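First comes the structure, then the notes that go with it.
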Amino acid sequence: MKSEPDEVSIDDLERQGAVPWFGVRNYQARNFMRDAMQVGDLAFFYHSGCATPGIAGICAVCSEPYPDATQFEPASPYHDPKSLPDKPRWLLRDVRFVRKTPFLPLGELRRHSELATMRLLAPGNRLSITPVTPGEWAFIAGQLLGIDDFER
């Protein structure tokens, strides 16, 4: 799950405990969040749109999907005038802080052949939410981050 650290950082998530994952405005990313995620699933918290993007921590999905209120707020940068309250286009889920990790830059992820097919690393990928396979998770968590215990 990608977030620009000046909007919501891993430090913000730790301080707040949980946040709504608002502002997703890509149908494929929305569908991953809506259909593939389940309450209790773990996700890498990834800082993007910054000088050095990369994994900064781990969060957990802690709600079912529900309408993203920012789509109905005209002053919001995430406003969608075509979305209606009785038929919302955009959903979100809440995520809660699990832990910070050693910062793992995008460049380091790209150096490992075990991650060659990871969606995050695909050329042109701009999605804020992408699935991670069990093998990718195990490699990143175990080999690159040195984490073998996951407190949910």
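Residue numbers start at 1 and run along the sequence shown. Remember, predicted model here, so these are calculated numbers, not experimental data.
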**Study point:** Verdict with reasoning, Phe22 to Trp90, per ring-ring contact (aromatic ring centres under 6.0 Å, His included)
**Key:** CA-CA 9 Å; Phe22 64 91; Trp90 307 110; over 10 Å; no
Which heavy atom in [X] sits nearest to a heavy atom in [Y], and how many Å separate them?
X      : Y     : answer
Ala51  : Pro53 : O-CD, 3.7 Å
Trp21  : Ser3  : CH2-CB, 3.8 Å
Pro105 : Thr52 : CB-CG2, 3.9 Å
Arg89  : Arg30 : O-NH1, 2.8 Å
Ala141 : Phe44 : N-CZ, 4.3 Å
Phe72  : Pro88 : CZ-CB, 3.8 Å

[Y] reachable from [X] in the ILVMFWY side-chain graph, under 4.5 Å edges:
X      : Y      : value
Met1   : Val132 : no
Val98  : Met33  : no
Leu144 : Leu121 : yes
Tyr78  : Val8   : yes
Phe45  : Leu127 : yes

Review point. Applying salt bridge (Lys or Arg N to Asp or Glu O under 4.0 Å), which residue pairs with at least one partner in residues 44-53 are found, sequence neighbours left out?
Key: none
Is a side-chain donor or acceptor of [X] paired with a backbone partner of [Y] at a separation under 3.5 angstrom?
X      : Y      : value
Asn125 : Ala122 : no
Arg93  : Arg34  : yes
His47  : Ile10  : yes
Asp12  : Ser9   : yes

Study note, to complete from the structure: Residues passing the ring pair (Phe, Tyr, Trp, His ring centres under 6.0 Å) test with Phe103, sequence neighbours excluded, are none
Practice item. Could you walk me through whether Gln16 and Phe97 pass side chain to side chain contact (heavy atoms under 4.5 Å, CB included), step by step? Key: CA-CA 8 Å; Gln16 295 176 36; Phe97 178 80; over 6 Å; no
Could you state the interatomic distance from [atom1] ([X]) to [atom2] ([Y]), rounded to the nearest 0.5 Å?
X      : Y      : atom1 : atom2 : value
Ser83  : Gln71  : OG    : CD    : 3.5 Å
Glu114 : Gln143 : CD    : CD    : 8.0 Å
Glu4   : Ser128 : CD    : OG    : 10.0 Å
Gln28  : Arg126 : CD    : CZ    : 14.0 Å

Point to revise | Test item: Glu136 and Leu120 side chains (from C-beta on) under 4.5 Å apart, heavy atoms | key: no
Practice item. State, yes or no, whether a side-chain contact exists between Thr130 and Met118 at a heavy-atom distance under 4.5 Å. Key: no
Exercise for review: Begin with the C-alpha distance, continue with both residues' side-chain angles, and end with the deciding distance and a verdict on side chain to side chain contact (heavy atoms under 4.5 Å, CB included) for Leu145 and Ile140.
Suggested key: CA-CA 6 Å; Leu145 295 173; Ile140 293 169; 4.0 Å; yes
Could you tabulate the donor-acceptor pairs under 3.5 Å formed by side-chain atoms of residues 57-70, not counting sequence neighbours?
from: Ser63; atom 1: OG; to: Asp94; atom 2: N; distance (Å): 2.8
from: Tyr66; atom 1: OH; to: Asp94; atom 2: OD1; distance (Å): 2.5
from: Tyr66; atom 1: OH; to: Asp94; atom 2: OD2; distance (Å): 3.4
from: Asp68; atom 1: OD1; to: Thr70; atom 2: N; distance (Å): 2.9
from: Asp68; atom 1: OD1; to: Thr70; atom 2: OG1; distance (Å): 2.6
from: Asp68; atom 1: OD2; to: Gly23; atom 2: N; distance (Å): 2.7
from: Asp68; atom 1: OD2; to: Arg25; atom 2: NH1; distance (Å): 3.2
from: Asp68; atom 1: OD2; to: Thr70; atom 2: OG1; distance (Å): 3.3
from: Thr70; atom 1: OG1; to: Arg25; atom 2: NH2; distance (Å): 3.0

Practice item. For Met37 and Ile129, run side chain to side chain contact (heavy atoms under 4.5 Å, CB included): C-alpha distance rounded to whole Å, both residues' side-chain angles, the deciding distance at 0.1 Å, then the answer. Key: CA-CA 10 Å; Met37 289 181 166; Ile129 297 173; 3.8 Å; yes
